[in-house]
Amino acid sequence: MIWNPTKECMSRDQMHSLQSKRLQKLVTYVYHNVPFYRNKMQQMDVAPEDIQSIDDIVKLPFTTKQDLRDNYPYGLQAAPASEIVRVHASSGTTGNPTIVGYTRKDLAVWSEVMARCLTAYGVTRDDTFSVSYGYGLFTGGLGAHYGVENLGATVIPTSTGNTEKHIRLIRDLNISGIACTPSYALYLAESLEKMGLKREDISLRIGAFGAEPWTENMRKEIEERLGLKAYNLYGLSEIMGPGVSYECSEQNGSHICEDHFYPEIINPETLEQLPYGEQGELVFTTLTKEGLPLLRYRTKDLCTLMEGQCACGRTSVRMGRIVGRSDDMLIIRGINVFPSQVESVILEMQEFEPQYMLVVDRVNNLDTLQVQVEVRRDFFSDDIGRMLNMKKRLADRLKSVLSISADVKLMEPSSIERSQGKGKHVIDKRILK
Ligand code: DLL
């Protein structure tokens, strides 16, 4: 099923002309309503009339998270305060949070794009859907919530916390779909097992997972343990929240809601646009947003874009999995390492739980990487020979994938802290020193 075939299956020519029209309108809007953009455009000697088609987007300035922080709280907001009906704030460990105001129309677009996602996953009005992203300033909870309601399925706003009660509701209310982070899905699976329940005791069939990077191996693990089909859901607060892109039944990349969010991939060093198929930093322009419209927002997310009609019938550009964020990328002894590479290796081996932590340090001016990983209960033993062998096999495999050696530390079952929101997988002591 397709929620909005007119928009999701539009010909490329029609999409190009719709995007062009919307970009022209957007540029005029921000030029007149956001001094930050007017100044930037004047410095670059670009006027709204110079933007005739979506291809002219390269003439426009980029926006960064730092720009949002520098203009905290409302400096980049384009709509008057009286038009803003909701505010979310993005998480951030340092500096000012990013404040995102939505007009009534923005919220309507958001629940429209979320309904597209859920429909692509196979959710129907007959489903009962648990939203277990955090409700509050984080966009995950309310964003998914209104999408489920718009589609007409039943929403259960479980949020995070109280996992046992949640599992009882999943069982007793025949909850068939769930939206949460992949980390929380695993935590749920573990809690289910601890309660002595099996996946056959519940009837989850669809999962909408996102808000953090996850791998194909993680998908298999979650599907296996919860007995559902796991789909990718991508988004970010600055652009809207969840619903920017979604997987369909083909699961060959995530379809971008391109009529609202125009994607580009750039080389993060030179800032030049890269062709489809090349990996780089993902950039979005919000084509229809009123509250906080952004030109060429640099997400820091690294991935590729793909063109071409999908077997599902949708024509939109798709994005590959996020391999990591440029600010997640660790540089260890000069080599780029992403936590997702480690996750993938760990999950290839049946001995390990998908629970791991990368501890990076600098000893005598040399970077060190320790990979702490939990051994599954069935494989944990006091047979030292067996444990050493397991450790060596993981270390060898990590070395061949990462091109640097890592010290593997085998951890007891349930010893690494679980997350109900976005998982934490890195401790970089070099920064703390
Ligand atoms: O995480 C919005 C969201 C909520 C998306 C629920 C999906 C589901 P932020 O907190 O602003 O917003 O974080 C955005 O999270 O730039 C990516 O680095 C990462 N991210 C989000 N979805 C995915 C995904 C929400 N499916 C940042 N795969 C983004 C990988 C993701 N990374």
Side-chain angles (χ1 to χ4, degrees), residues 63-65 68-69 87-93 96-100 102 110-111 113-114 116-118 120-121 129-148 157 159-160 177-185 207-216 218-219 222 230-247 251 253-257 261 263 265 268 281-284 286 292 294 297-304 318-329 338-340 343-344 419-426:
T63 314
T64 62
K65 184 139 190 133
L68 287 162
R69 291 208 165 117
V87 166
H88 282 280
S90 94
S91 47
T93 40
N96 289 330
T98 308
I99 305 297
V100 187
Y102 300 75
W110 195 2
S111 56
V113 293
M114 266 311 306
R116 290 185 196 177
C117 306
L118 295 161
Y121 306 152
F129 208 89
S130 163
V131 174
S132 312
Y133 287 115
Y135 279 65
L137 288 174
F138 179 52
T139 52
L142 286 169
H145 181 104
Y146 283 99
V148 179
S159 195
T160 53
I178 182 162
C180 61
T181 60
S183 300
Y184 187 66
F209 302 122
E212 63 182 2
W214 55 310
T215 55
E216 276 311 311
M218 181 69 108
R219 183 192 327 253
I222 296 173
Y231 292 90
N232 189 40
L233 170 63
Y234 171 85
L236 62 165
S237 340
E238 293 83 355
I239 297 302
M240 185 60 98
V244 172
S245 76
Y246 54 91
E247 270 178 344
Q251 300 200 313
S254 295
H255 291 276
I256 298 174
C257 295
F261 318 115
I265 288 282
E281 180 179 344
L282 187 59
V283 168
F284 282 109
T286 60
L292 183 74
L294 296 178
Y297 181 71
R298 295 185 55 185
T299 63
K300 301 241 175 116
D301 289 329
L302 303 174
C303 70
T304 52
R318 282 161 286 154
M319 53 187 262
R321 265 187 191 283
I322 304 287
V323 298
R325 291 176 53 81
S326 55
D327 50 5
D328 254 11
M329 186 179 79
F338 287 103
S340 58
E343 176 177 303
S344 215
S419 165
Q420 303 204 359
K422 297 179 191 248
K424 178 168 167 32
H425 297 294
V426 177

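Along the sequence shown, residues carry numbers from 1. Predicted model only: the values in this text are computed from it and were never measured. Numbering of ligands and ligand atoms starts at 1, following listing order.
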I'd like to check whether [X] has a polar contact with ligand 1, where a contact means an N/O of the residue lying under 3.5 Å from an N/O of the ligand.
| X | result |
| --- | --- |
| Asp301 | yes |
| Phe138 | no |
| Tyr133 | no |
| Leu233 | yes |
| Lys422 | yes |

Sub-4.0 Å atoms of ligand 1 with respect to non-hydrogen atoms of [X]:
| X | value |
| --- | --- |
| Ile322 | 28 (N), 30 (C), 32 (N) |
| Gly210 | 7 (C), 8 (C), 26 (N) |
| Gly140 | 4 (C), 6 (C) |
| Ser237 | 9 (P), 10 (O), 11 (O), 12 (O) |

ask   = So, Tyr297 side chain and Val283 main chain: donor-acceptor pair closer than 3.5 Å or not?
value = no
Are [X] and [Y] side-chain neighbours, meaning at least one heavy-atom pair lies under 4.5 Å?
| X | Y | answer |
| --- | --- | --- |
| Val323 | Pro213 | no |
| Lys422 | Phe138 | yes |
| Glu247 | Ser254 | yes |

query = Pick one: which of Tyr102, Phe261, Tyr146 meets ring-ring contact (aromatic ring centres under 6.0 Å, His included) with Trp110?
reply = Tyr102
key: Structural part of Asn232 in contact with ligand 1, heavy atom criterion under 4.0 angstrom   = side chain
key: Mode of Lys300 contact toward ligand 1 - side chain, backbone, both, neither (heavy atoms, under 4.0 Å)   = neither
key: Donor + acceptor pair across side chains of Ser183, Thr181 (<3.5 Å)   = no
ask   = Between the candidates Gly235, Ser245, Gly324, which shows the shortest non-hydrogen contact distance to atom 5 (C) of ligand 1?
value = Gly235
ask   = Once the angle between the rings of Phe284 and Tyr234 is folded into 0 to 90°, is it parallel (under 30°), tilted (30 to 60°) or perpendicular (over 60°)?
value = tilted
query = With respect to Glu281, which candidate in Arg298, Arg325, Lys300 satisfies the salt bridge (Lys or Arg N to Asp or Glu O under 4.0 Å) definition?
reply = Arg298
